[in-house]
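This report refers to the structure that appears directly beneath it.
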Number of protein chains: 2
Amino acid sequence: MIAPTESELSILGVLWEAGPLTVREVNDVLNRQSSGNGEKPIGYTTTLKIMQLMAEKGLVDRDVSNRSHVYSAAVAQERTQRNLLSRFVDRAFGGSRSELILRALGDGNATTDELQEIKKLIEKLEQDGTE
Amino acid sequence: MIAPTESELSILGVLWEAGPLTVREVNDVLNRQSSGNGEKPIGYTTTLKIMQLMAEKGLVDRDVSNRSHVYSAAVAQERTQRNLLSRFVDRAFGGSRSELILRALGDGNATTDELQEIKKLIEKLEQDGTE
DNA sequence: TTGCAACTACGAAGCAGTTCGTATATATTT
DNA sequence: AAATATATACGAACTGCTTCGTAGTTGCAA
């Protein structure tokens, strides 16, 4: 599976969130997101180009039946996140998932509800592993 | 803080693991690691160049008192991992740490011991949060 | 129908990271 | 002392990603 680059990922993020969109719409969302910070807006043709390349790579599908092409994510969010995560764990944590989790938890930003949810998942995993 | 690139990170990994080393030693470790896979070995001057740039960036310190310079990590592993993690969570999980943790746990590769350790940490966090 | 706005397509510049050849200096071996 | 091995330094090529200008097309409004 092809790993999306930085900007490809941000575009996928928009498509995952909002469903099929035109280049114009994606570009608007991205610029709405990054305004407020001092970042300069992304040019329309820049977004267009990247989305065209994404279509070639199979990261998005596009519907060409209208003048404004409509793009949709061709890769599932969960699967993509798993892939990225796996690569990241290898790169930054020597392949140790639990090291990463400990580090993420240690950052002290999780809410009680989140902790609860995670604990529940762990208990489920323990059961599956012990039986 | 400066985020290390891919190859910089792999070099830091070696230095974190083994302590201060020469370029030759680092290069050997890297090539020992990546042999076995079909990957072609990293040239000595490539590693040298990267480590020189790292020294300029302040990612490593170097001791020039001998002919073979000795490099050591100038950034702590934990701090660096935290930084990378934070960036990664933003890029791939829309900033949600707990999403990432759930995804990491869901991959089903954690051992019982690891789960135990994580659970302990969660309970500690819960106590801290509730008091 | 003429002109303006919005779209796609595409080439090319720009940039960061990586890789390597080569020049040069310094040890070590014979 | 000469030859050989091993260092550093550095420029330059190469790669992948991003960014943009511009040309050409299509729809819409005056």
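None of these values were measured; they are calculated from a predicted model.
- The phosphate of C:dC20 (OP1 or OP2) has a side-chain N or O of B:Thr46 nearer than 4.0 angstrom.
- For D:dT18, the OP1/OP2 oxygens have a side-chain nitrogen or oxygen of A:Ser7 closer than 4.0 Å.
- A donor-acceptor pair under 3.5 Å links the side-chain atoms of A:Gln81 to the main chain of B:Ala92, judged by distance alone.
- A donor-acceptor pair under 3.5 Å is absent between the side-chain atoms of A:Asn27 and the main chain of A:Val23, judged by distance alone.
- Between B:Arg82 and B:Glu78 there is a salt bridge, with a side-chain nitrogen of the basic residue lying less than 4.0 Å from a carboxylate oxygen of the acidic one.
- Contact check of residues 66-77 of chain A against DNA chain D (heavy atom, cut-off under 4.0 Å) returns A:Arg67.
- To the nearest angstrom, P of D:dC17 lies 11 Å from CG of A:Leu59.
- In this structure, the separation between CD on B:Gln33 and CG on B:Asn31 is 9.5 Å, given to the nearest 0.5 Å.
- Distances from the side chain of B:Lys49 to the nucleotides D:dG11, C:dA9, C:dT18 place D:dG11 closest.
- An OP1 or OP2 oxygen of C:dA9 is reached within less than 4.0 angstrom by a side-chain nitrogen or oxygen of A:Gln52.
- Between C:dC20, D:dT8, D:dT18, one nucleotide has an atom nearer to the side chain of B:Tyr44 than all others, and that is D:dT8.
- The number of heavy atoms from other shown groups lying within 6.0 Å of CD (A:Glu123) is above 12.
- The separation between B:Glu56 atom CD and C:dA16 atom P is 14 Å, rounded to whole Å.
- Within residues 10-30 of chain B, no residue has any heavy atom under 4.0 Å from DNA chain C.
- Here C:dA9 is the nucleotide among C:dG17, C:dT19, C:dA9 with the atom lying nearest to any side-chain atom of A:Arg62.
- Atom P of nucleotide D:dA9 and atom CG of B:Leu53 are separated by 11 Å, given to the nearest angstrom.
- Rounding to whole angstrom units, CD1 of residue A:Ile50 and C1' of D:dT18 are separated by 6 Å.
- Checked against D:dT8, D:dC17, C:dA9, the side chain of B:Leu48 finds its nearest nucleotide in D:dT8.
- Place B:Lys57 and B:Lys40 on DNA chain C by their nearest nucleotides, and B:Lys57 ends up nearer the 5' end.
- Contact annotation: A:Thr45 side-chain N/O to D:dC20 OP1/OP2 distance is not under 4.0 Å.
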